[in-house]
Q: 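Attaching a single structure in structure tokens format; questions to follow.
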Amino acid sequence: MSKPLESAATARVAELRQRIDQANHRYYVLDDPEVPDAEYDRWMRELEELEAAHPELVTADSPTRRVGARAQGGFAEVRHALPMLSLSNAFEQPGDSDRERFAELADFVARVEHTTGRRDPLFAAEPKLDGLAMSLRYEHGVLVQAATRGDGESGEDVTANVRTIHAIPMRLRGSGWPGELEVRGEVIMLRKDFEAFNARVRTHGGKPLANPRNAAAGSLRQLDPAVTARRRLSFFAYALGVVEGGTLPDTHCATLQLFRQWGFPVSPEVDLARGFAGLVAYYRRLGGKRDALPYDIDGVVYKLDDYAGQQEMGFVARAPRWALAQKFPAQEQLTTVEAIEIQIGRTGAATPVARLAPVPVAGVVVANATLHNADQVARLDVRVGDTVIVRRAGDVIPEVVRVLPERRPARSVPWHMPSVCPVCGSALLREEGVSAWRCSGGLVCPAQRREALVHFASRRALDIDGLGERYIDGLVDQGMVHSPADLYALTVERFVAMKQAIDERDGTTPETVKRGKVATRWAENLVAAIDASRDTTLARFLFGLGIMHIGESTAKMLAAWLGRLANVRTMPAAVLRVLPDVGDAVAESIAGFFAQPGNQQAVDALLAAGVQCRDETAPSPALHGRLDLGVLLGGRHIAQLSPARAATLVSRYPTLDALLAAGEEAWTAAGLPSAAADNLAALLADVGQLDALRRDEAAMHDLLAQVPADAGVAQAPLAGQTFVLTGSLSSLTREQAKARLETLGAKVAGSVSSKTTVVVAGEAAGSKLDKATELGVPIWGEAQLLACLAEHSA
DNA sequence: ATACCTCGAGTTCG
DNA sequence: CTCGAGGTAT
């Protein structure tokens with residue numbers, strides 16, 4: 001073997017190891033990768049080849065040695081020289097003030113203040129990672145042993161597996177570390193690595209892991225380190241164990257700083273917090289970020305920062321008195337599915353809902369969770385009797401995450417959508433290519449009638465204050481109300497009778513004595529609220545009718561463009577189609593609704609009951625130029641007759657009569673291709689089609705005739721601008737802000753896009769603000785909004 | 001035809 | 001809040 005070659009290899013090996021260690025450090029500790037994965041892989045391969053060719057160059061801490069040999073028959077026991085302690089836990093409690101809600105935390109701070117004699121002491125606050133506690137022993141800077149926490153006294157030797165974790169340095173960086181050093185921290189799996197792992201399992205078959213914590217624990221207990229190596233684990237250091245030889249800082253934060261220098265990842269969320277108020281603020285801040293963190297946490301840990309103070313505090317049993325874990329309410333829980341029921345919505349949509357054994361999740365007891373639709377049930381394969389994981393997605397809505405198949409009872413059967421509506425017995429049908437099943441019973445179905453009434457009375461519709469679902473149920477059940485108009489005939493006496501009936505049925509209120517009087521007062525208020533709802537706006541009225549596809553925004557548009565209820569209820573689909581945001585589906589929905597005699601009667605009944613749209617007005621002048629015979633033809637989707645060609649033709653022959661009188665030859669002479677002319681002629685030759693067109697044309701003329709001759713075009717100051725509101729404002733509600741912006745002609749949308757003019761961010765603004773920053777949409781504070789409103793509304 | 005953008009509808013609990 | 005579907009712009 002020639003000497004020069006040998007030394008070249010030695011140098012290259014050293015260089016590669018140094019580069020690989022540096023890349024790991026950038027990636028895991030600094031969270032700032034600079035080397036592409038492919039490059040990193042090339043280095044690893046080259047190093048492996050060199051070490052294979054020169055076995056004498058292999059060292060225990062080489063990056064290639066991360067994956068070692070399979071453990072034989074389990075893991076050796078390791079006694080911890082210094083026990084790995086547990087922490088006292090504190091939980092949030094119900095209460096009105098922070099002192100009540102965080103009583104245990106307040107006690108903790110008071111104890112620290114009392115013992116150390118300092119007011120508002122300084123704490124290190126850090127996330128409580130949901131993983132596996134681990135102790136790492138380094139001798140002269142080299143990792144020699146890794147042990148799990150176990151029972152705190154002794155754990156298992158998982159060194160071979162821990163070596164595969166790239167976030168953990170095999171050799172400490174820098175200098176000045178003690179000759180013997182124990183670093184403690186948490187092995188976790190990042191959410192993205194967890195998702196990736198389960199995604200791979202799903203495609204390749206195998207058992208998915210329940211959560212990142214189990215994933216980390218399971219991975220470390222693999223006998224074959226090669227298996228562990230394929231699961232990407234991470235590590236964060238947070239405490240010292242045994243230390244010999246070397247001086248150490250005198251605060252916890254300074255220690256964490258040293259950990260960083262030595263090459264350990266330390267959570268970037270660690271912060272200093274002063275006194276009770278500081279700790280509560282940190283808890284809230286981290287709680288708010290919880291879902292956005294790259295890993296799961298189950299709470300916050302507070303440690304008195306200076307070691308002298310810690311020494312004074314000492315220990316109780318096996319927990320330090322200078323530290324406390326404040327736990328978040330659990331956000332995922334196991335429970336069982338007791339039934340899967342169908343809910344019928346206002347439009348007849350049949351939604352499967354899981355009835356669950358009640359279980360506390362993130363602070364509230366959850367008993368129901370939506371399963372959205374039949375496809376979702378099939379995807380999850382949820383069955384009655386299953387054990388499932390539930391969580392509150394984002395902030396509130398409970399959802400079934402997945403089923404634990406290993407806990408499924410024998411003889412369970414897959415769930416299927418029933419063929420008939422459980423409420424009215426009508427058939428449940430599914431339209432082609434749509435995921436929702438619908439009850440075909442229409443207003444015959446009591447569930448749909450009930451939902452229609454709830455919608456009619458709701459705040460954004462007729463706004464009948466105090467008429468909630470419970471009383472609507474009572475009214476419907478006792479046959480007092482069948483359609484919205486019936487509400488206006490109700491009297492105080494009838495309400496009292498209804499309330500007594502349902503109170504008795506439901507097991508009544510204890511205030512039997514006062515009830516007569518109280519119920520009367522309640523009924524009087526309700527009758528007054530119903531009376532007040534008679535005075536309403538066209539948009540609210542249209543929205544309240546509950547026409548499919550007509551939400552609040554479309555209702556406002558209809559009111560603004562058509563002006564009068566009479567126009568909306570008589571306008572054919574072809575005319576409605578020209579309105580903005582109205583296509584075939586929406587136009588047919590409106591025209592179809594008013595084509596039903598029952599619906600027309602319901603509207604007449606409401607008007608007869610005294611309901612008035614106080615803001616009826618003339619149709620929008622903008623209809624001119626948008627509405628002519630051309631769009632009526634274009635909307636019929638005649639082959640070869642594009643809207644553009646229809647427009648050219650109609651500019652010559654603006655009425656049906658003119659068109660018919662001119663004849664097919666004249667049309668082609670005017671530039672219409674003969675195929676289009678043939679199709680048009682065929683259409684007009686059909687008596688039924690021609691009649692329909694004549695009716696459309698008449699309705700169109702009637703509408704246009706209502707537009708005032710002098711179109712007083714006073715441009716609204718904010719016309720054409722789209723605002724998005726996020727967070728809460730202090731001087732007015734979002735509802736009010738929206739209303740005021742709309743009176744100035746602005747549109748207020750629900751989500752941010754490149755078309756948004758400005759985003760108004762109030763207190764505790766959410767994801768919309770991030771989106772705005774990302775898209776470079778201007779962001780206003782409350783002050784700028786108020787200034788804008790003041791400027792224009794003078 | 002395709003890609004965005006909006007709107008509508010449904011949802012839980014206190 | 002999220003999903004799905006309708007509408008519109010490209």
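First the proteins, then the strands, lettered A, B, ... as listed; each starts at 1.
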Q: Is it the case that the side chains of Arg564(A) and Thr617(A) hold a donor-acceptor pair, with the cut-off being a distance below 3.5 Å and no angle test?
A: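 No, no side-chain donor-acceptor pair sits under 3.5 Å.
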Q: Of the candidate nucleotides dG6(C), dG10(B), dC13(B), which contains the atom at the shortest distance from the side chain of Val586(A)?
A: dG6(C)
Q: Looking at Thr554(A), I'd like to know whether one of its side-chain N or O atoms comes within less than 4.0 Å of OP1 or OP2 on dG8(B).
A: yes
Q: With DNA chain B as reference, determine whether Val366(A) or Gly348(A) sits nearer its 5' end, using the nearest nucleotide of each.
A: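 Going by which nucleotide is closer to the 5' end, it is Gly348(A).
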Q: For Glu588(A) and dG6(C), give me the distance from atom CD to atom C1', rounded to whole Å.
A: 14 Å
Q: Arg346(A) side chain: which of dC13(B), dA9(B), dG8(B) is closest?
A: dA9(B)
Q: Choosing from dT11(B), dG8(B), dG7(C), which nucleotide comes nearest the side chain of Ala585(A)?
A: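 Looking only at heavy atoms from C-beta outward on Ala585(A), the closest nucleotide is dG7(C).
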Q: Less than 6.0 angstrom separating the ring centers of Tyr283(A) and Phe102(A), yes or no?
A: yes
Q: Expressed as a whole number of angstroms, how long is the span from His455(A):NE2 to dG10(B):P?
A: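 For the pair His455(A) NE2 and dG10(B) P, the rounded distance is 10 Å.
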Q: Expressed in angstrom and rounded to an integer, what is the separation of Met557(A) atom CE from dC7(B) atom C1'?
A: 11 Å
Q: How many Å lie between CZ on Arg391(A) and P on dC1(C), as a whole number?
A: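 About 16 Å, once rounded to whole Å.
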Q: Return the value, rounded to whole Å, for the distance between atom CZ of Arg460(A) and atom P of dG8(B).
A: 11 Å
Q: Would you say dC13(B) has OP1 or OP2 under 4.0 Å from some side-chain N or O of Asn368(A)?
A: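 For dC13(B), OP1 or OP2 has a side-chain N or O of Asn368(A) closer than 4.0 Å.
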Q: Can a side chain N or O of Thr370(A) be found less than 4.0 Å away from OP1 or OP2 on dT12(B)?
A: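 Indeed not, no polar side-chain atom of Thr370(A) lies that close.
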Q: Could you state the atom-to-atom distance from CG of Leu371(A) to P of dA9(B) in whole Å?
A: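 Distance check: Leu371(A) CG to dA9(B) P gives 22 Å.
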Q: State plainly whether the residues Arg383(A) and Asp381(A) are in salt-bridge range, i.e. N to O under 4.0 Å.
A: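 Result for this pair is yes, salt bridge flagged.
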Q: Between dC13(B), dT8(C), dT11(B), which one does the side chain of Ala367(A) approach most closely?
A: dC13(B)
Q: Which of the following nucleotides, dG10(B), dG8(B), dC13(B), is nearest to the side chain of Thr351(A)?
A: dG10(B)
Q: Mind calculating the distance between CD (Gln343(A)) and C1' (dA9(B)) to the nearest angstrom?
A: 13 Å
Q: Distance-only, no hydrogens or angles: does the Arg540(A) side chain make a donor-acceptor pair with backbone N or O of Arg459(A) under 3.5 Å?
A: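 Yes, because the side chain of Arg540(A) sits within donor-acceptor range (under 3.5 Å) of the backbone of Arg459(A).
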Q: Can you see whether Gln448(A) engages Arg346(A) through a side-chain donor-acceptor pair at a distance of less than 3.5 angstrom?
A: no
Q: Send over the distance from Ile342(A) CD1 to dT11(B) P, rounded to a whole Å.
A: 11 Å
Q: Out of dC13(B), dA9(B), dG8(B), which nucleotide sits closest to the side chain of Met548(A)?
A: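 Among dC13(B), dA9(B), dG8(B), the one nearest the side chain of Met548(A) is dA9(B).
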